[in-house]
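Have a look at the structure below, then the notes.
Letters A, B, ... mirror the listed sequences (proteins, then strands); counts begin at 1. All values below were derived from every heavy atom in this structure, side-chain atoms included, with hydrogens, water molecules and symmetry-related copies excluded.
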Amino acid sequence: MVSGNVAELLCLLRHCNTLRSVTQVHTHIFKTGLDSDAFITGNLILHCATLISDALHHAFSLLLHSPNPDAFMYNTVIRGFSDSDHPHNSFTTFIDMRRNSNNLQPDSFSFAFSLKAAANIRSYNTGIQLHSQAILYGLHNHLYVGTTLVSMYAECGWICHARKVFEEMFEPNVVAWNAMITACMRCYDVKGAETLYKQMQVRDIHSSNIMLSGYMKSGEVHLAMKLFSEMPLKDDVSWSTMITGFSHNECFNEAFDFFLQSHKLGSKPNEVSLTGILSVCTQSGEFQFSKILHCYLEKSGFVSRSSITNALMDTYFKSGNINMGRLVFEKMPGKKNLVSWTTMVTGIAMQGYGKEAMELFHQMVDSGVKPDGIAFISILYACSHAGLIEHGCKYFSMMKNEYGIEPSYEHYGCMVDLYGRSGELKKAYEFIMKMPIEANDVIWRTLLGACGIHGDVELGEEVRRRLLEVDPNDSGDCVLLSNMYASVGKWKDVAGVRQMMDSQGLMKTPGWSVSEVS
DNA sequence: TTAGGGTTAG
């Protein structure tokens, strides 16, 4: 009778796709007294942690309130956290498992999931500690643990450790070999990956897809095309890898060609190939094609996927169609995620609507979405392009003090641009001198451009000296330099720059012409 | 009894 109830409950659970429906089943479980059954609780936790979005906290709560949690429950929560926005919680759960429970030992699942969390946050220190623990428990040679160790070390940039683990593996299978090829490609060791690929006794379609993606990421477009043509079997991942690879390497015609070919050959477009081809439309300016794609996306239902909507918004904003970009954003089903908000803020900011971008940024925060470093780049960009210096400074300090985000070169660059565009050149210079990291060429060039716009030759020459200290071979700023001299009518100096460029053979640089100003 | 590692985008 009891086993019949269990089967019935599991069947009910399988049909739940919201936290609300799971809670209803849970209430029923409680009423029937089956909540003390570890198998039932384990399945409840599994369902919440892996199958329903936004239910991980509930899975964690079930674990905490379980009178006798077992390894399966702990492992499932560790797994859920490893793929969440808070992978660190995997480690605290791993520690809790050993401290709070009666003689519970971590097993291969505990290590594989925790190592995945370490890989996701690229934490070498945590990864190596887990590796030591795995050795203590005699699980470092386990096939799944070994494979995850290879991936973890590669994600953290320690290819030598990844290789050592792989070489010490006892009879690695095709997945372990694929993990090692991926590790080589992650570290841009294309030759190493090729050697392994050739050595493989058994390959599957993943092996070839990893090679395709690695070639494309390393700019080896022709090698990817050659391998693709030799592949006896291609799946939708092979096609989308090629399309996105062409997109990254700016081979727009090839991307369109492959997209249409895959369609003709009956391979269905997926989320990745569609975001890829939308990006190609944006980069190449093929906005008519993106409109056709929009119709298809509406009809096929792909428009409900946030990655697709974000790419579509980006295309509309970059084509200057603000109203359509805004409409796509407003029609997005469900809760808008961080990428959607950031795409919207950037899109509006690009068109110069600084105040609206700020309103959107606050709406995002009010809706419970926490901004990341990229979101702050977009709002700083909005402020600099709308001349909102005070607001820009406020966001910059908010980022550091309220959100604990360390500014990157991009953030510093935005601040220099913010001061520079508004003509506060001295402040921009002082800001650079006070930066805790040494300014790079991009930051100096940003200020040099501003000196040109506002005609401050004295500061511009100082900036040029600083720029040459960072990059003695730099020549990309000649246009900025000659523009600066031209803006104050120093034609002799313009001619000087022209002569310098002549002597360095730079006169063929596209996009500039001294004759236009002289 | 319930689970896992390797590929494509953002």
Out of B/dT8, B/dA9, B/dG5, which nucleotide sits closest to the side chain of A/Ala176? B/dG5
Can you classify the ring geometry of A/Phe246 versus A/Phe258 as parallel (below 30°), tilted (30 to 60°) or perpendicular (above 60°)? perpendicular
In whole angstroms, the gap separating P of B/dA9 from CG of A/Leu212 amounts to 12 Å
For A/Trp239 and A/Phe228, take the angle between the two ring planes, folded into 0 to 90°, and tell me which bin it lands in: parallel under 30, tilted 30 to 60, perpendicular over 60. perpendicular
Taking 4.0 Å as the cut-off, does a side-chain nitrogen or oxygen of A/Arg79 come that near to OP1 or OP2 on B/dA3? no
I'd like to know if A/Ser108 reaches the base of B/dG4 with its side chain such that a donor and an acceptor end up less than 3.5 angstrom apart. yes
Please confirm whether any donor atom in the side chain of A/Thr147 sits under 3.5 Å from an acceptor in the base of B/dG5, or the reverse. yes
Respond yes when some side-chain nitrogen or oxygen of A/Arg203 is under 4.0 Å from OP1 or OP2 of B/dT7, and no when none is. no
How are the rings of A/Tyr137 and A/Phe111 set relative to one another: parallel (under 30°), tilted (30 to 60°) or perpendicular (over 60°)? tilted
In whole angstroms, how far is the C1' atom of B/dT8 from the CE atom of A/Met185? 14 Å
Measure the distance from CD on A/Glu155 to P on B/dG5 and round it to the nearest whole Å. 14 Å
Report yes if at least one side-chain N or O of A/His47 is closer than 4.0 Å to OP1 or OP2 of B/dA3; otherwise report no. no
Just to be sure I understand the rule, does A/Asp235 reach a base, reach only the sugar-phosphate, or reach nothing, if contact means heavy atoms closer than 4.0 Å? nothing
Under-3.5 Å donor-acceptor pair between A/Asn75 side chain and B/dG4 base: no
Gap between atoms NZ and P, on A/Lys336 and B/dG10 respectively (whole Å): 22 Å
To the nearest Å, how far apart are A/Ile308 CD1 and B/dA9 P? 13 Å
Are A/Ser213 and B/dT8 close enough that a side-chain N or O sits under 4.0 Å from OP1 or OP2? yes
Give me the ring orientation class for A/Phe109 and A/Phe113: parallel if the planes are under 30° apart, tilted from 30 to 60°, perpendicular past 60°. tilted
Return yes if the base of B/dT8 and the side-chain atoms of A/Ser240 contain a donor-acceptor N/O pair under 3.5 Å, otherwise no. yes
Audit row: A/His411, A/Ser408, side chain to side chain donor-acceptor pair (under 3.5 Å) steps and yes/no: CA-CA 5 Å; A/His411 299 109; A/Ser408 68; 3.1 Å; yes
Would you say A/Phe39 stacks on B/dT2, if stacking means ring centres under 5.5 Å apart and planes within less than 30 degrees? no
Check the distance between B/dT8's P and A/Glu271's CD and give it to me in whole angstrom. 14 Å
Using the six-membered base ring of B/dG4, report whether A/Phe109 stacks on it, requiring centroids under 5.5 Å and planes under 30° apart. yes
Rounded to whole angstroms, how far apart are CE on A/Met211 and C1' on B/dT8? 16 Å
Write down the distance between CE (A/Met242) and P (B/dT8), rounded to a whole number of angstrom. 14 Å
